[in-house]
**Q** 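Got a structure for you, written out below as structure tokens; questions coming shortly.
Quick note: residue numbers are just sequence positions, from 1.
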Amino acid sequence: MLLSQCDQIHLAGHGVPLSPQHQEQILSDNNLMASRGLRVLGFACKSLAQIPPTPDLIAAEKNLVWLGMVGMLDAPRPEVRLAVEKSLAAGIRTVMITGDHPLTALAIAKDLGINQAGDRFLTGQTLEQLQQSDLEAQVEEVSVFARVSPEHKLRIVKAFQARNRFVAMTGDGVNDAPALKQADIGIAMGITGTDVSKEASDMVLLDDNFATIVAAAEEGRVVYNNIRSFIKYILGSNVGEVITIASAPLLGLSGVPLTPLQILWMNLVTDGLPALALAMEPGEPNIMKRRPFSPQESIFSRGLGAYIIRIGLVFAVVTITLMLWAYHTTELAGVPGSWKTMVFTTLCIAQMGHAIAVRSSHRLTIEMNPLTNPYLWGAVIVTTMLQLGLVYVEPLRNFFGTDWLSPQQLLICFGFSSLMFVWVELEKLFARLTR
């Protein structure tokens, strides 16, 4: 029985209409329970001699005997409060859109941290009187929408999008489908959601838990960061390799430093294993404390493109310097060809230092726990050992066309290779000091 129809209810046991004082008390009790986050149901009854064959609902709801009210607490899950706080720190704003009583919605929103005392709210009745442009002007200041209908939800989503907001919308009913379809990311409930809402959505939340959405956003940031690290490592190293190989003939050296088989080795093993391990890097501690980036931005934005070119040039300068020194030294020593192996080894080992340093764009390697990504360290160690095998294991040396290096030559290769790691770490320090 809707409480708005209480003027048709009679006092229990008396059969007389409710007085204005009783009606006011009922509404007061209703508002009191709603303000505590309770969903309120009013109960009334009526005795009938027999059930009419064609019942008239309007007539049946007259002369009811008032029984009382029941308040039900639909408590939010304990983890939701932390999830809302976490999303707020990440720049993700949570908005409540509900059909509940405004006082109920405000009480729950305040408890979860969605709404603060004194903040504005809008009801469906108010929304009906607002033009879409007026709603767009107010939507940034409102975090609770109560007593709304499905068409209101669609208007609210469009209003946020008109403000250049990226909107994720949750819903479970058939009537939520238009808003779910309109949202940038529609999220349907997997347990209570209807088939229509699931079809209209981009994602289905299997456990119907808001905290899972925030966890998914965090995982998405981790994946995106790892993709950028992967691109930094692969393209930055490849640019350096291309410049080094192309520069040899231009510098008057006899032949190119790498054979096609050695280039294939670098692409499959030296590039591949550490790059795959970078995808296993866990999220940084502050990943949910930064503002979100625009979904329309290029993958090379925020300095990634410049980083690739810069690191490629540094990579090339370091390797070309070694190449020139090794070429003239080995030619004078009467060991022609070993300079090529030194260049090959330096290129491969330098990439290992680059992979270790590129794990984070701002934290120094010494500040990071090495055990958080054992896959990377395993890939670096395995790749380094395989590279040494190509130099010192005779069958592999013959197959890949490398030359045996003296301990001094190998040490020089490691020394030049470490410069890449040092450079990337110094860039982090410089960025920290100039921030």
Side-chain angles (χ1 to χ4, degrees), residues 39 72-100 104-105 108-109 111-115 124 139 143-227 279-280 282-283 287-288 291-297 299:
R39 290 183 170 89
M72 300 181 297
L73 177 62
D74 186 9
R77 300 185 183 185
E79 64 270 19
V80 174
R81 188 177 294 103
L82 180 61
V84 171
E85 181 181 346
K86 196 173 184 179
S87 64
L88 185 62
I92 303 172
R93 182 181 168 204
T94 305
V95 176
M96 177 184 289
I97 306 175
T98 178
D100 287 341
T104 304
I108 296 175
D111 180 51
L112 295 177
I114 297 175
N115 202 57
V139 76
S143 295
V144 175
F145 299 85
R147 287 283 192 242
V148 296
S149 61
E151 53 270 22
H152 294 152
K153 296 181 182 180
L154 180 60
R155 289 186 60 193
I156 293 169
V157 171
K158 289 182 177 180
F160 276 111
Q161 291 176 328
R163 305 282 296 185
N164 295 322
R165 296 295 184 182
F166 194 84
V167 181
M169 175 74 185
T170 63
D172 56 6
V174 174
N175 293 331
D176 293 329
L180 292 171
K181 193 71 175 178
Q182 176 66 32
D184 298 287
I185 301 179
I187 306 173
M189 302 295 106
I191 299 175
T192 60
T194 61
D195 292 337
V196 174
S197 65
K198 294 177 184 178
E199 287 293 330
S201 300
D202 303 290
M203 298 173 57
V204 176
L205 196 61
L206 296 180
D207 60 358
D208 290 11
N209 192 346
F210 175 80
T212 305
I213 300 176
V214 180
E218 181 176 5
E219 186 64 24
R221 291 189 175 191
V222 173
V223 171
Y224 186 68
N225 280 358
N226 289 347
I227 291 174
M280 306 299 294
I287 196 166
M288 290 299 283
R291 308 299 295 179
F293 302 127
S294 171
Q296 282 78 38
E297 73 172 17
I299 189 69

**Q** Yes or no on side chain to side chain contact (heavy atoms under 4.5 Å, CB included) for Asn209 and Glu79, after CA distance, side-chain angles and deciding distance?
**A** CA-CA 9 Å; Asn209 192 346; Glu79 64 270 19; 2.6 Å; yes
**Q** Does Ser197 offer a backbone N or O that forms a donor-acceptor pair with the side chain of Thr194 under 3.5 Å?
**A** yes
**Q** Does Gln161 reach the side chain of Val157, with side-chain heavy atoms less than 4.5 Å apart?
**A** yes
**Q** How close do Lys198 and Gly193 get, counting heavy atoms only, and between which atoms?
**A** CE-O, 3.5 Å
**Q** Say whether, by atom type as modelled, one donor and one acceptor occur between the side chain of Arg81 and the main chain of Asp111 under 3.5 angstrom.
**A** yes
**Q** Under 4.5 Å between any side-chain heavy atoms of Asn175 and Val196, yes or no?
**A** no
**Q** State, to 0.1 Å, how close Ala211 and Ala83 come at their nearest heavy-atom pair, and which atoms those are.
**A** CA-CB, 3.7 Å
**Q** So which atom in Val204 and which in Gly190 form the shortest heavy-atom distance, rounded to 0.1 Å?
**A** CG1-CA, 3.6 Å
**Q** To the nearest 0.5 Å, tell me how far Tyr224 OH sits from Ile227 CD1.
**A** 8.0 Å
**Q** Considering non-hydrogen atoms only, spot the tightest contact between Pro292 and Ala90 and give its length.
**A** CD-O, 3.2 Å
**Q** Would you name the heavy atoms of Ile187 and Ala168 that are closest together and state the gap between them?
**A** CD1-CB, 4.2 Å
**Q** Report the distance from atom CE of Met96 to atom CD1 of Ile114, rounding to the nearest 0.5 Å.
**A** 4.5 Å
**Q** What pairs with Leu154 under side-chain contact (heavy atoms from CB on, under 4.5 Å), at least two apart in sequence or on another chain?
**A** Lys158, Pro178, Gln182
**Q** Hey, does Val84 have a side-chain heavy atom less than 4.5 Å from the side chain of Leu88?
**A** no
**Q** Taking CD in Glu199 as the centre, count heavy atoms belonging to other residues, nucleotides or ligands within less than 6.0 Å. Is the count above 12?
**A** no
**Q** Please report the interatomic distance CG(Leu112) to OG1(Thr94), rounded to the nearest 0.5 Å.
**A** 9.0 Å
**Q** Run the numbers on Asp195 and Val174 for side chain to side chain contact (heavy atoms under 4.5 Å, CB included), then give the verdict.
**A** CA-CA 8 Å; Asp195 292 337; Val174 174; over 6 Å; no
**Q** Could you point out which residue of Leu180, Ile185, Asp202, Val95 forms a side chain to side chain contact (heavy atoms under 4.5 Å, CB included) with Met169?
**A** Leu180
**Q** For the pair Arg147 (side chain) and Gly99 (backbone), establish whether a donor and an acceptor sit closer than 3.5 Å, ignoring hydrogens and angles.
**A** yes
**Q** Nearest heavy-atom pair of Asp184 and Val167: which atoms, and what distance?
**A** OD2-N, 2.8 Å
**Q** Examine distances only and state if a side-chain atom of Asp208 and a backbone atom of Thr192 form a donor-acceptor pair shorter than 3.5 Å.
**A** yes
**Q** Which value, rounded to the nearest 0.5 Å, describes the distance between Ile92 atom CD1 and Arg291 atom CZ?
**A** 9.5 Å
**Q** Run the salt bridge (Lys or Arg N to Asp or Glu O under 4.0 Å) test against Asp172 and tell me which residues pass, sequence neighbours left out.
**A** none
**Q** Is any side-chain heavy atom of Arg93 closer than 4.5 Å to a side-chain heavy atom of Ser143?
**A** yes
**Q** Would you list the pairs meeting side-chain hydrogen bond (donor to acceptor under 3.5 Å, both in side chains) in which at least one residue belongs to residues 162-171, sequence neighbours left out?
**A** Glu140-Arg165
